[in-house]
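What follows is a short report on a single structure.
Residue numbers begin at 1 in each chain, while the letters A, B, ... track the order of the sequences.
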Amino acid sequence: MPAETMDELVSLCKRRGFIFPGSEVYGGLQGTYDYGPLGVELKNNLKAAWWRSMIYERDDIEGLDSSILTHKLVLRHSGHEATFTDPLVDSRESKKRYRLDHLLKDQTPAVLEMLAARLEIDNNLSAMVAALLAHEDAGSVLKAARVLEPGENKVGDWTSPRLFNMMFKTTVGPVVNDENYAYLRPETAQGIFVNFKNVVDSTARKLPFGIAQIGKSFRNEITPRNFIFRVREFEQMELEFFCTPGTDEAWHDTWLEARIAWWQSVGLSRERIQVLDVPREDLSHYSKRTYDLMYHYPSIGFEEIEGIANRTDFDLGSHSKNQDSLNLTARVEPNTDSTEKLTIAHPETQKPIVPFVIEPSAGVDRGVLAVLTEAFTKQTLENGETRIVLKLRPHLAPIKVAVIPLAKNREEITSVARALKQRIQALGLGRILYEDTGNIGKAYRRHDEIGTPYCITVDFDTIGQGKDGAVSLTDTVTVRERDSMAQQRVKISDLEGFLREKLR
RNA sequence: GCGGGAGUAACUCAGCUGGUAGAGUGCCACCUUGCCAAGGUGGAUGUCGAGAGUUCGAAUCUCUUCUCCCGCUCCA
């Protein structure tokens, strides 16, 4: 039974060192979280699993790590400068906040006419939005034009609209002025698009193929909320899969299935994943069609964990020069800044074309949250006590094995345990921990709670000092399995094979 | 940003008709402990989210501010 509330996850994460609030000693910084000793292992393991499935286990995908600081022209031509800046207006009366363009769209023609007249411009939505933003007393203009409060039949008491920019800007170079800025990327995808030519030229890739990247992205969310679900600094795992126009819809469906299967491979149950075919009116500016994978999170219900979008030829087309020669299907803004045509040979005709793009874009942090949710288990034992177990898949577990001496004040046992820890660590399976709390039951529970799949206990039998003098158990250890709590005796010499098999 | 709720030890929380801070769990040390949160002894950690005000005296009352939770709004 997975976690039921976000609070119990937050509490476990803090207590055991998975995730902490950012800048906490100064009261916290909204929308930031830090990954602790166990969190970083879990997160790295999740990313490694994704990377393995994309780059190593397939033959048609290359990796990339592009920079976070991004040229403003990249994000201008990608359409983000325009779409990531929302003009917001508040109603003083109802205390509600609206996007100015949405608000105006819902007004009657008569109101819009009056507004245009007051602003002394044409009755054109985007022109009016721009004019209102530039106007000193736009709130009064809205009132004078009798802009109605939605859902109520009366004129709203409007504030002047303000721009809310979802992209972080930062100054580049020593001189601070209006021109010397760059953006922190709001998605890793653009780094892939602007490197398309570089990758094609350096790897001789032919369609269809993909470029995958894992990295940080930044969005100045209005309301970061729900633990690591919506944060201002987050990590994405994105694949841009380039294919011949016409094959895009089939690839879109193929990737949808592949991605659902992958999430199941990291432990998510199919019942807690829903596919949302995003309605046309909710699509992003670049998308022809998008499937959102929704995961059933605790407290907040089904929310997006990954978006799988058909971005058509919009992005490569937008970043290309001489667009008129490219037969683009997407509507793109003219680009006189780019120095390249982002094309590749059509697999049959060999003519240069702009490929279509299928983009499975997953949130790493949302993935970690989902994996934790699913793994979190409260179990009532036979003796009536409850234990908390993180039933993580072994390849995701932060600690793979804990080596525990049965008695911590017996040098002959602890020395064997320490040596065994080093020996197992050298197998390269991940992090192995030497654990000497001195109380075997406590150590087991602790490792249940952080998801350690196996605990190995070195006892008196191991060193040939068993009570009943059972010499046959010399050089064996107890291996205790996390989920079943079952124990078995394993020869130290067989441990390598045992663990390699179990921890795959 | 608005409305509501909340911030006390690492976690969960008590204390809140103003009188100088507690419990359980956890953590550390030593002893004990021969496999599922055992026991004993000792110990550390709080400017009671922050700042200001009222008061002889504030965790407690007032104001401001920050953070978190819920709702609205936003969510490429």
Separation between the P atoms of B:rU20 and B:rC16, rounded to whole Å: 12 Å
Please confirm whether A:K421 makes a cation-pi placement over A:Y434, using NZ or CZ under 6.0 Å from the six-membered ring centre and within 45° of the ring normal. no
Give the rounded distance in Å between these two atoms: CD of A:Q488 and P of B:rC36. 17 Å
Please work out if A:S11 contacts a base, only the sugar-phosphate, or nothing of the nucleic acid, heavy-atom cut-off 4.0 Å. sugar-phosphate
Whole Å only: how far is the CZ atom of A:F229 from the C1' atom of B:rC68? 18 Å
Between atom NZ in A:K442 and atom C1' in B:rG39, what is the gap in whole Å? 10 Å
Give A:F20 one of three labels, base, sugar-phosphate or nothing, depending on what nucleic acid heavy atoms sit under 4.0 Å from its own. nothing
C1' atoms of B:rG26 and B:rC68, separation to the nearest Å: 23 Å
Indicate, with a heavy-atom threshold strictly under 4.0 Å, whether A:G31 touches base, sugar-phosphate, or nothing. sugar-phosphate
Output yes if the stacking criterion (under 5.5 Å between centres, under 30° between planes) is met for A:Y444 over the base of B:rA37, else no. no
Measure from CD1 on A:I300 to P on B:rC72 and round the result to the nearest Å. 13 Å
Going by an N to O cut-off under 4.0 Å, is there a salt bridge joining A:K72 and A:D337? no
Does B:rC68 pair with anything, Watson-Crick or G-U wobble, both distances under 3.5 Å, and if so, with which nucleotide? B:rG5
Geometric cation-pi criterion A:R366 and A:F229, 6.0 Å radius, 45° cone: yes
Considering every strand and a 4.0 Å limit on heavy-atom distances, what is the contact class for A:T478: base, sugar-phosphate, or nothing? base
Under 4.0 Å between any heavy atoms, over every strand shown, what does A:D448 touch: base, sugar-phosphate, or nothing? Just pick one. nothing
Just checking A:N439: base, sugar-phosphate only, or nothing, at a heavy-atom cut-off of under 4.0 Å? base
A:E481/A:K502 salt bridge by N-O under 4.0 Å criterion: no
Heavy atoms from other residues, nucleotides or ligands near CZ of A:R146 exceed 12 (cutoff 6.0 Å): no
Contact class for A:R480 vs. all strands (heavy atom < 4.0 Å): base, sugar-phosphate, or nothing? base
If you only use heavy atoms from C-beta on, which nucleotide in B:rC27, B:rC11, B:rG34 is closest to the side chain of A:R15? B:rC11
Once you apply a heavy-atom cut-off of 4.0 Å, does A:E449 come out as touching a base, just sugar-phosphate, or nothing? base
At 4.0 Å (heavy atoms only), tell me whether A:Q487 reaches a base, stays on the sugar-phosphate, or touches nothing. base
Would you indicate what A:R185 reaches in the nucleic acid, counting non-hydrogen atoms under 4.0 angstrom: base, sugar-phosphate, or nothing? nothing
Could you let me know what B:rG51 is paired to, Watson-Crick or G-U wobble, both distances under 3.5 Å, or none if it's on its own? B:rC63
